[in-house]
Amino acid sequence: MSADLGGLSPVARRMVEMLQVRPLFFYDLCLELGDVPYREILQAWGEVRERCRFGRDEDGHYILQE
Amino acid sequence: MKEDFRTLLGRLEKEGELRRITKEVDGRHTASLLAQSKQALLFERIKGFDMAAAGAVISTRRRLALSMGCPEREIGARFEEGIARPIPPKLVSDGACQEVVYKGEDVDLTMLPLPILHEKDGGPYISAGVVVANDPAYGRNMGSYRMMYRTPRETGIDLVSPSDLRVYYQKAFEQKQPLPIAVAIGLHPYEMLAASYKAPIRMDEFAIAGGLHGNPVELVRCRTVDLEVPADAEIVLEGELLPIGWTEDEGRFGEFSHIQGDVKWNPVFRVRCITTRRDPIFYILQMPWENDWLAGPVIEAAALRILREASVEPVAVYATPGSCCYWELIASIRKRPGEGKNAVLALLALAEVKLVIVTDDDINIYDPHELDWALTFRVQADRDVIIVSGARGKLKLEEYL
């Protein structure tokens, strides 16, 4: 997966980078982004949702798709 | 005038059943704090959000009974009484739920302190949304649906299970038309109960809520869709279900059965307008307990009704929280010879009920020790246990493995 991260906020960019490493639940992202205010996480998640196509693995983790 | 959500919160606080949290909390921790509390909680300050949030309002039988204004053992009878005399809603010109209006670029769902209810959920959820929709043939419908946050203007909505809204959406989808809906958040448990109740499709659930309140529900017209919502709601989302069918990922979600559901494919709700009170309180319906207790009075009312139909005299009925207030019923009856088994068979005829215990009227069925005593000393298993095989609609273990 080589998503174009241009124009994404820094938090959204971090989310994409984390999802490029391994499938994650939304909760996992919140744990990893413990230093980021929750509302910013919600906004960044919206950005990622609009930009990227998600799949899910068999447990329901998010996977970035081409 | 009927009681609204915030007035109920005040009443619960006076009864010692609600605790006000004045210290600032992180929005991602609200659900876990609710899970650790024996009381309902009102979070006055949530970091980064301009609104308060309350949850676990009816997580226990005691708090549900308090909200219904009746003793705990009478919640079924109280519900039965309310639905027997529906009161039509009343249209009013303005309501507190529209004190502040956000449209266009100002629409932003991240203004809501959306909770993370479970670790494996697909995202934060609006768990206390009551959806209002209209259909030319069937009329207005109100129902409870979970909504998964996707973007500042979109949520998912679970329309996989059979429901009136699913019927409305299916029709709109076949005509390639969006279905306008409004989502009211922060309503009294009576509206939530009416929304959860599987009423006949042409019945107005607002009239059921009115019957439960003993007063008409006041409705206001929405600002951007041709629908009406309760004037005393805390927050209202207006918009449409997009005519894209069941195409977008939604879930996982910790279901009312206390089991983590799978990812589903569902439609998307596009939000066009948000209206709120000046100082709104976001309602976090605590899953699964509050959802379970919304089923309790409905199942208990059905149990009372079906026992009377079977000419059995019920003394008390109990939809147990261990069965999600849904799949197990305990009843005590004033019995004549043979009626114990008649009662068991009658209760097993209810759609989802799969386990039934019937006792004599001297047993307090809400006391687990008394119940154990009755099961120990009054049951001879080879004579008194009935097993019915192959009945339709009963929960099967394989569905959850």
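Proteins get letters first, then strands, A, B, ... in listed order; numbering begins at 1 in each. Any value given below was found using the heavy atoms of this structure, including those in side chains, with hydrogens, waters and symmetry copies removed. On a predicted model such as this, the values are computed, not experimentally measured, just so you know.
Within the 4.5 angstrom heavy-atom criterion, atoms from both the backbone and the side chain of K120(B) approach chain A. Residue L112(B) touches chain A through its backbone alone, counting heavy-atom pairs closer than 4.5 Å. Neither the backbone nor the side chain of E154(B) comes within contact range of chain A; no heavy atom of the residue lies under 4.5 Å from a heavy atom of that chain. Of the two parts of L24(A), neither the backbone nor the side chain holds a non-hydrogen atom closer than 4.5 Å to a non-hydrogen atom of chain B. Contact of R56(A) with chain B is made through the side chain alone, with heavy-atom distances under 4.5 Å. Using a 4.5 Å cut-off between heavy atoms, D249(B) contacts chain A through both its backbone and its side chain. With a 4.5 angstrom heavy-atom cutoff, I41(A) touches chain B only via side-chain atoms. At a 4.5 Å heavy-atom cutoff, the contact between F25(A) and chain B is made by side-chain atoms alone.
Nearest approach of Q43(A) to T110(B), heavy atoms of both residues: NE2-OG1, 3.3 Å. Minimum heavy-atom separation, G122(B) to F26(A): O-CB, 4.0 Å. In this structure, G46(A) and P152(B) approach most closely via the heavy-atom pair CA-CD, 3.9 Å.
If you tally non-hydrogen atom pairs under 4.5 Å between each of I46(B), D262(B), V263(B) and chain A, the highest count goes to V263(B). Heavy-atom pairs under 4.5 Å with chain B were tallied for E47(A), R39(A), H61(A); the largest tally goes to R39(A).
Contact check for E50(A) versus R150(B): no side-chain heavy atoms found under the 4.5 Å cut-off. Residues T30(B) and Y38(A) are not in side-chain contact: their nearest non-hydrogen atoms beyond the backbone lie 4.5 Å or more apart. The shortest side-chain heavy-atom distance between Q260(B) and D59(A) does not fall under the 4.5 Å cut-off.
The CG atom of L42(A) lies 11.0 Å from the OG1 atom of T151(B); values are rounded to the nearest 0.5 Å. Separating the SG atom in C30(A) from the CD atom in E119(B) is a distance of 11.5 Å, to the nearest 0.5 Å.
Using a 4.0 Å cut-off between a side-chain N of Lys or Arg and a carboxylate O of Asp or Glu, E58(A) and R252(B) do not qualify as a salt bridge.
Within the 3.5 Å criterion, the main-chain N or O of L31(A) finds no donor-acceptor partner in the side chain of R28(B). In terms of modelled atom types and a separation under 3.5 Å, the side chain of Y27(A) and the main chain of L117(B) share no donor-acceptor contact.
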